Amino acid sequence: NVHPKSKPFYDHVIGFTYLDGRIWFRNYQITDQDEGGLVEVGPRFCLWIIKIFSGSFSGNVIFENPTYKSPNQYRTEMKIEASLRYKMKAEKKERKSEVEIIPKEDELDEIFHTITQDELKQAG
């Protein structure tokens, strides 16, 4: 009498490893009990510790990760960085527009100059 939806029993080994400030979770199935063969069957994931409390979800803070940034803090820093880049570009553009370009006088500009009556009176 085997139920059609029943699944076979497998021995599992769950591994927790602390590395790089994270807790790595792996789930293995024991394939050969004599030799101790393991096959990773999942799920696998990694936990990044933010805070450890003395109670389940409240209480005194036992540990707090100093390198953790909340998503809101990260987005705020990205916006500030983008605004600083914009300000730098605007200042550069403003400084560039403040530079006055003085054209060199061309020696050939006087070739086609027509002498007016006022210039004749002043010269003569």
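Fair warning: this is a prediction, and the values are worked out from it, not measured in the lab. Computed over heavy atoms, backbone and side chain alike; hydrogens, waters and symmetry mates excluded. When a residue number appears, it is its place in the shown sequence, counting from 1.
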Inset, instruction - Please say whether more than 12 non-hydrogen atoms of neighbouring residues, nucleotides or ligands are located less than 6.0 Å from CG in Leu84. - result: yes
Inset, instruction - Give a yes or no on this: more than 12 heavy atoms of other residues, nucleotides or ligands lie within 6.0 Å of atom CD of Gln117. - result: no
Inset, instruction - Considering non-hydrogen atoms only, spot the tightest contact between Ile14 and Phe25 and give its length. - result: CG2-CE1, 3.2 Å
Inset, instruction - First locate atom CD of Glu81, then atom CD of Glu77, and finally report the distance between them rounded to the nearest 0.5 Å. - result: 9.0 Å
Inset, instruction - Compare all side-chain heavy atoms of Asn27 with those of Arg44 and state whether any distance is below 4.5 angstrom. - result: no
Legend entry - Nearest atoms (heavy-atom pairs only) where Arg26 meets Glu40: CD-OE2, 3.0 Å
Legend entry - Atom CZ of Phe63 with >12 non-hydrogen neighbours under 6.0 angstrom: yes
Inset, instruction - Determine whether Tyr18 and Phe45 fall in the same hydrophobic cluster, where Ile, Leu, Val, Met, Phe, Trp and Tyr are linked whenever their side-chain heavy atoms lie under 4.5 Å apart. - result: yes
Legend entry - Ser54 side chain vs Gly59 backbone, donor-acceptor pair below 3.5 Å: no
Legend entry - Spatial distance of atom CD (Gln122) from atom OG1 (Thr116) [nearest 0.5 Å]: 7.5 Å
Legend entry - side-chain contact (heavy atoms from CB on, under 4.5 Å) evaluation trace for Ile49 with Ile23: CA-CA 8 Å; Ile49 300 173; Ile23 297 174; 3.7 Å; yes
Legend entry - Enclosure of Asp106 CG (heavy-atom neighbours >12, cutoff 6.0 Å): yes
Legend entry - Glu64 side, atom CD; Phe53 side, atom CZ - distance, nearest 0.5 Å: 8.0 Å
Inset, instruction - Kindly say whether Thr67 contributes a backbone atom to a donor-acceptor pair with the side chain of Asn65 at under 3.5 angstrom? - result: yes
Legend entry - For the student: nearest non-hydrogen atoms of Arg22 and Trp24, plus distance: O-CD1, 3.6 Å
Inset, instruction - Report yes if some heavy atom in the side chain of Val61 is under 4.5 Å from a heavy atom in the side chain of Ile52; otherwise report no. - result: no
Inset, instruction - Begin from the C-alpha positions of Lys93 and Lys96 and carry the test side-chain contact (heavy atoms from CB on, under 4.5 Å) through to its verdict. - result: CA-CA 5 Å; Lys93 187 176 180 181; Lys96 195 173 182 181; 5.6 Å; no
Inset, instruction - Could you check whether the rings of Trp48 and Tyr68 sit parallel, tilted or perpendicular, using 30° and 60° as the cut-offs? - result: perpendicular
Legend entry - Spacing of OG belonging to Ser70 relative to CZ belonging to Arg75, to within rounding of 0.5 Å: 8.0 Å
Inset, instruction - Return yes when atom CZ of Phe16 has more than 12 non-hydrogen atoms of other residues, nucleotides or ligands closer than 6.0 Å, and no otherwise. - result: yes
Legend entry - Donor-acceptor under 3.5 Å (Thr31 side chain, Val39 main chain): no
Inset, instruction - Answer yes or no: are there more than 12 heavy-atom neighbours, outside Glu98 itself, under 6.0 Å from its atom CD? - result: yes
Inset, instruction - Specify the closest pair of heavy atoms between Thr114 and Glu119, including all atoms of both residues, with the distance to one decimal. - result: O-OE1, 4.0 Å
